[in-house]
2 protein chains.
Amino acid sequence: MRVDARKNYDRLLAVAGEVFADEGADASLRDIARKAGVGLGTLYRHFPTREALLETLLRASFEALAERAKVLESSDSADEALVAWMQETTEFTYRQRGIIALMMGAIEDTNSALHDSCVMLRAAGTALLTRAQAEGKARDDLSGAELFDLIAALAWLREQPSHAARADHLFTLIADAILTDSSGAHSGAGSEPGTTAPTETVPPPAG
Amino acid sequence: MRVDARKNYDRLLAVAGEVFADEGADASLRDIARKAGVGLGTLYRHFPTREALLETLLRASFEALAERAKVLESSDSADEALVAWMQETTEFTYRQRGIIALMMGAIEDTNSALHDSCVMLRAAGTALLTRAQAEGKARDDLSGAELFDLIAALAWLREQPSHAARADHLFTLIADAILTDSSGAHSGAGSEPGTTAPTETVPPPAG
DNA sequence: GAATAATCGGAGCACTGCTCCATTTTGTCA
DNA sequence: TGACAAAATGGAGCAGTGCTCCGATTATTC
């Protein structure tokens, strides 16, 4: 890549990261180009779709979430691992305002730039779910796709301002619904989003 | 109202009903005006916001859902009544594609034309929930607002094409999570959206 | 039939996503 | 160093959006 192209590419990513953070995933691309001091054509040359831009920005985070699932797979408690990963994934996803709707569309659209990331994320969750099910800690009649749906629904809910105050409670309710009664989850230690996972496990998006 | 104004008003409502049904709640207002054979200014004169137009179209249905809750309140089974109403409300809401997002914004925006309808709907659900709780059929740590959130989340999920096949199953999962174990809901009779409420209880939107 | 008030409808503004291509810049090779 | 081809640029242009504004038109009243 030519050095001037590289410079513009980097500038676009940096600015896009800020603008998306400020205004959500439906921010104006023209605005991003303008703030990057670059023509609109240049933006489209580097990132042919909005999703391509978002994918480049968020790929590292998606991969970190998948990696995190791998680590959690070797933890002691299969149910706590599952809930912790659900919590982290929900948290990350809802913070990228507007992205969960794109992801739900991308997961069955093989042409979408976000497709692979979504499939990877779903697979990572499925592995944790399957392990919990094998240990009798999670209900058997739940698929990885359904787990993904539940996380998406929770993330969408958190994007709604009117819901904010109740977010943790509903997360716990749904987490408990996934776990089997015998896993003793109702006491809450493994399913309180506010109290678990105080450490930063997913890096912020690049830029 | 002048007769020409009345004629345009009615035409707009009729056309808007069709267009919103075809394209969802974010359909082009200019397109609606054009198809109604009316100027854009005329549309905005009658319906100053998109939400005002939707509210006029859907008010009767919202009121029917509230009325339905009242009827269900005097049914034998408090838990079955709650789940049936959840099912009908979710069904109605998701069929009006795109409206659930507007409703979530409207419920705490007193200026929105949809505000009153949303508050009314939430209150109707709260009454059913409270009754079920009083009878020990629903978990106590759930508020009417949270019930509304769960219905919204389910309706949003159903709007996602990738989710369609799993809609009924997740509805059942969440319905069961709301009911207490003692209510015997896990056997399913009261929480199978596909099998309950075969009768049409909510009229289609006007127009 | 004339006066008046209500209503109409589309031009116009600022914005969006996206395409296209004349112009400019860069890297290479003699 | 200078010439040249390839790569990259950036913004004009198109079709669409929500929404406002106001001169022209129409219905109603006297």
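For clarity, every value in this text was computed on a predicted model and none was experimentally measured. Residue numbers begin at 1 in each chain, while the letters A, B, ... track the order of the sequences.
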* **Check ion pair A:R97-A:E23 (N to O, under 4.0 angstrom)** => no

* Hey, could you give me the CG/CG distance between B:D31 and B:L40, rounded to the nearest 0.5 Å? => 11.0 Å

* With rounding to the nearest 0.5 Å, note down the distance linking CG in A:L129 to OG in A:S143. => 8.0 Å

* Asked: Hey, what do you get for OG1 (B:T93) to CZ (B:R158), rounding to the nearest 0.5 Å?
  -> 11.0 Å

* To do: To the nearest 0.5 Å, tell me how far B:I99 CD1 sits from B:R50 CZ.
  => 11.0 Å

* Atom pair CD (A:E91) and CD1 (A:I151), whose distance is rounded to the nearest 0.5 Å -> 12.5 Å

* **Derivation of the side chain to side chain donor-acceptor pair (under 3.5 Å) call for B:D141 and A:H169** => CA-CA 9 Å; B:D141 67 334; A:H169 190 209; 3.0 Å; yes

* Output yes when at least one side-chain N/O atom of A:H46 is less than 4.0 Å from OP1 or OP2 of D:dT9, else no. => yes

* Salt bridge present between B:E88 and B:R68 (N-O < 4.0 angstrom) -> yes

* Could you write nucleotides 24-30 of chain D as a row of B, S and -, 5' to 3', where a protein heavy atom under 4.0 Å of any base atom gives B, of only sugar-phosphate atoms gives S, and otherwise -? -> --BSS--

* Short side-chain N/O contact to D:dT9 OP1/OP2 from A:N8, under 4.0 Å -> yes

* To do: Report the residues that fulfil side-chain contact (heavy atoms from CB on, under 4.5 Å) with B:A69, sequence neighbours left out, ordered by chain and then residue number.
  => B:W85, B:A124, B:L128

* First and last nucleotide of DNA chain C, 5' to 3', lying under 4.0 Å from heavy atoms of chain A -> C:dT16 to C:dG27

Atom pairs, N/O to N/O, protein against nucleotides 14-17 of chain D, distance under 3.5 Å?
from, atom 1, to, atom 2, distance (Å)
D:dT17, OP1, B:S28, OG, 2.9

* Asked: Looking at CG of B:L12 and CZ of B:F47, how far apart are the two atoms once the value is rounded to the nearest 0.5 Å?
  -> 6.0 Å

Output one line per pair: protein atom, nucleotide atom from nucleotides 2-4 of chain D, and distance, for all N/O pairs under 3.5 Å.
none

* Asked: Heavy-atom distance under 4.5 Å between the side chains of A:L157 and A:F171, does that happen here?
  -> no

* In residues 38-45 of chain B, what residues come within less than 4.0 Å of DNA chain C, judged by heavy atoms? -> B:V38, B:G39, B:L40, B:G41, B:T42, B:R45

* To do: If the plane angle is over 60° it's perpendicular, under 30° parallel, otherwise tilted; pick one for B:F92 and B:F62.
  => perpendicular

